[in-house]
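These notes are about the structure you will find just below.
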Amino acid sequence: MALDYKSCINCKACETACKEENGVLLGADKHRIWVGVKEIEGEFPLLNIASNTFYPSQCQHCDNAPCQEVCPTQATYYDENGVVRVDSDKCILCSYCMNACPYDARYVDDRTDTVDKCNFCSDTRLVRGEVTTACQATCLTKVRIFGDLDDPESEISKVLREREHFTLKTHLGTKPKLFYLI
Amino acid sequence: MDVQISRRRFLQGSVALTILGASSLTGSALLDEGTKDKVGDGVRKSVPTLCEMCVNKCAAYARVENGKVVKLDPNPHFPKSKNMLCPRGNAGIQALYDPDRLKYPLIRVGERGSGKFRRASWDEAFEYIEKRLVKILDEEKDNRSTIAYCAGEGMAEHTFKSFMADKFGSTNFVSHASICLQTTISGYALTIGGYGQADLENAEYVIMAGANRAEAIVTPDTMDLFKRTKRRGMKLVVIDPRFTNTAVHADRWIPIKVGTDLAFVLAMTYVVMTENLYNKKFVEENFNGFEAYRDHILKNNYTPEWAEKITGIDADTIRTVAREFMAHAPKAIYYQGRRTAWSRQDFQLRRAQAIFTALGGGIDREGGIIFGKKLPLGEHSINAPLYANPKSRIDKKEAAIVGGSGTWIGFRNMIVENRTPYPIRGMFVYKQNPMLSVPNTQKTRQMFEKMDLVVVIDTMPSDTAMMADVILPECTYLEREDPVRSFGGAQPSIVLRQKVIDPMYETKPVIEIIRGLAEKISKPLFEITKKYDEDVQMEIEDRGEEAVYKEDGFDLADAFRVSQEEINEHRVVSIYGKEAYEMLKAKGVFYPNMEQYFKQISTNEYEYYPKDKRYYSVIKGELKVDVHDTCIDEKEIAVMKKRFRTRSGKVECVLPSMAKRGVDPMPTWRDELYTETPKGKFKLITGRHAQFTQNATQNNAMLLDLIPTNYLWINKRVAKAKGIDFGDWVEVSSKIGTIKIRAYPTEKIGPDTLFFIHGFGANSDALTLAHHNGASDNAIIEDVIEPVFGSAAMHETIVDVRKV
């Protein structure tokens, strides 16, 4: 997934659509998907406009996912599309994965007492044959482009070839698959 | 699940409505519009509809499984809403399944305002209303205007208005306009011929003052704007006393002293005039009174140095912005803005903004303010009876120009202060919550307390519903078909809100409520008309009672017996044919050549009209239509333009006919209309939030999860000096009241200004989540009236704050 993060206005449509689609519990902060807000610097009226930024974020679906590596029961796995998934039947809530994730993308689902996280709507939208995630489809300024990185002709592959981008905590070697477009 | 009754648990419980077993969906194909397929034992379908969580009317698909709405998704076919659904749109499901919804007709049993009601049948409720109407109108000798009515914005607003005005015959209507964008619409309409639409898809330089499109979402403005900010094609200058999420996207953020915007615009105009930066060709061809306006600006010496002292913006910045604007013109817009009047000088501010944009030539052309085209719809006529006894509206003299939508503050205060020429004894309220939305709640309460009959039609037990004698429960937007609507612009289209599921409980769409009420009251009220109306008596002598009743429209129900679906079909088919109507039903949207023009150009983007088929420039001698804005009453604007003899298609710098009413014919700064903030005190400002629509979403579980309550923005250093930390309770008081709220110390606001978001602080205990959550701004905003149109000037209140 590529994120045109400069277009984000922190309206939280993505968060709402995710909760409605995936049934995430209310009353939970930063579950599954969130917008990271860097608060403004400076004193009124000389505020540093550029210091206030919005970073929409969710599970990075790392190619080399630390959460998958530490899971003792193989509850966390890569599915056939390379999406990092959790099999709730196998999860024993040891929470190793939550500690291992450098992006704090995992949470405990109080209904099932297992760990959950973003799965790119694999079991809700994609399984129905839809090609967008809930967060992408609903976005006002169209921040997200979701697609197949293995297909060189896909829109996301083209965008990543043409536009500068960065990933978060690249130095950890997790090979995250959320790409922030500059 | 744990069954505690804590607030959090309530929230958790309520979302369970939207959760579905994912396994039951496995293997089904991509769901297209209008299709149905099997889910387990039941049926899954997708219905195109239109959102009503705010005023924008975005196109959506409602996914229905086994009779339940499980998800709302964006419908990409609508050029105005462009394939998106905001957080409120997503949370429409919670509005539908809110356990606190009004479910049955209710009749008051306790004191007015006590919140004590009993469940009644529809017939009982109608009978209650009938009895009181008969008594009041008999005592008032058939002066129908003694029964007033008000309505919030909505697609069925016209149905309600049409019943009250055309059929029932009351002249006393107060709409949301005077607490909404009355001054802005009027300022633009009388100056450049219409409010228009800012073409933010193509503008290169935009000054956005007080408007906050990142948080007060307007489509397509919000989507067009923020894809191009941050050095991606558009320069954005944000003028706001507060650092908003829109300011985050600005190239330049200029905090301005509250209520001084007019001085800023006049000084920029001075720069443009003295440095000859305006578009000479455009001015020559399209301006009336340019010389007079230039002389006026120069004679009054509206220099940047003069404005610096008033606005707090340094003179160099004013010069720079004026020059940059004109360098980018005509693709430069001083954004019109919306919401309420801020100060007493708001009308002149909007006039000055419109003229400033026009000086650059950015009117009726790509990248400027455009008027576009509007697709016509077939007529649906109503047989309106003529009554002899209703008197003209009470609030005509409360401001210089009071139109058909009235002045809320003027109207209410006249009643409270016993200044009405005849009594206002009853009120019908549709989809509006004046207890929270009109400044000075105490007076609104007093107004309702004086009445003999208050009827509220709504979906939620609002604070205003609590003041009612009878509450008639409307169904939500997902349970009804509303009048078909045409939206103008560069890419015009026709849209339809279709019923997604049947109305729940005993709720009904407003057209059916009116039909039922009209059937009940029509004959008894005609008896009263017969008694007091000499014209009707004569007609009856000539033609007989039955003929007069039927042919002259005294059968109040006759206009509402046809279903909304049939009316819509007729209005579309009569102009565009059956096929167009079928397409509208299937896609939710229709415009000529849609099948040919509409294309997906990437996973996120769609094209609606090819660029060369869009209506950017439309004025050819005469401007006929305005962009259809949901809050604009086009008829009223047409009347106003006629009254003030503005020449169509020209930019009017001078309005001589205004002078007769004591209004400056040209935008003029008036020191005496400016409210100074005394040292140590604060000016209170109000505003909007992306996750809340005024007070309409105050009980929505999903949205409260994003914004649980409202906080008082107070400058960090001021807060520190007062010993106020984040989350501390503080008391904010004005001349008219005091509220308690938690503090949010921040540098995003100046030391002499306070802010909190509108929409919280409900008093109604029938709203489980909203009850006493946060504070209501209108409990402390003073009822200051803007003198030209009688709008509420909401940024004129001086307040004090202390820690409690």
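Convention: sequence-line order gives letters A, B, ...; per-chain numbering from 1. Scope of the values below: all heavy atoms of this structure, side chains included, with no hydrogens, waters or symmetry mates. Computed from a predicted model, the values in this text were never measured in an experiment.
Looking at A:Gln136, the atoms closer than 4.5 Å to chain B (heavy atoms on both sides) sit in the backbone and in the side chain alike. Using a 4.5 Å cut-off between heavy atoms, A:Ile49 touches chain B through backbone and side chain atoms alike. Residue A:Cys8 touches chain B through its backbone alone, counting heavy-atom pairs closer than 4.5 Å. With a 4.5 Å cut-off on non-hydrogen atoms, B:Asn715 touches chain A through its side chain but not through its backbone. The contact between A:Cys139 and chain B is made entirely by backbone atoms, counting heavy-atom distances below 4.5 Å.
Residue with the most contacts toward chain A among B:Glu605, B:Glu215, B:Lys748: B:Lys748 (heavy-atom pairs, distance under 4.5 Å). Ranking B:Lys82, B:Arg228, B:Arg88, B:Arg232 against chain A, the residue ahead of the rest is B:Arg232, based on heavy-atom pairs under 4.5 Å. Chain A forms more heavy-atom pairs under 4.5 Å with one residue of B:Pro751, B:Ala250, B:Cys58, B:Ser602 than with any other, namely B:Ser602.
One finds no salt bridge joining B:Asp752 and B:Lys683 here, because no Lys/Arg side-chain nitrogen approaches an Asp/Glu carboxylate oxygen to under 4.0 Å. Ion pairing between B:Arg63 and A:Glu21 holds under the 4.0 Å rule for side-chain N and carboxylate O.
Using cut-offs of 30° and 60° on the angle between ring planes, the pair A:Tyr5 and A:Phe166 is perpendicular.
The stretch residues 141-156 of chain A places A:Thr141, A:Lys142, A:Arg144, A:Ile145, A:Glu155 near chain B, each with some heavy atom under 4.5 Å from a heavy atom of that chain.
When ring centroids are compared, B:Phe726 and B:Tyr711 come within the 6.0 Å threshold.
Between A:Ala100 and A:Val70, the shortest heavy-atom contact is CB-CG2, 3.7 Å. Among all heavy-atom pairs drawn from A:Ala105 and A:Trp34, the shortest one is CA-CH2, 3.7 Å. A pairwise comparison of heavy atoms in B:Arg688 and B:Ala216 identifies CB-CB, 3.8 Å as the closest pair. The minimum heavy-atom distance linking A:Gly42 with A:Leu47 is given by the pair O-CD2, 3.5 Å.
For A:Thr53 and A:Lys38, the side-chain atoms include no donor-acceptor pair closer than 3.5 Å.
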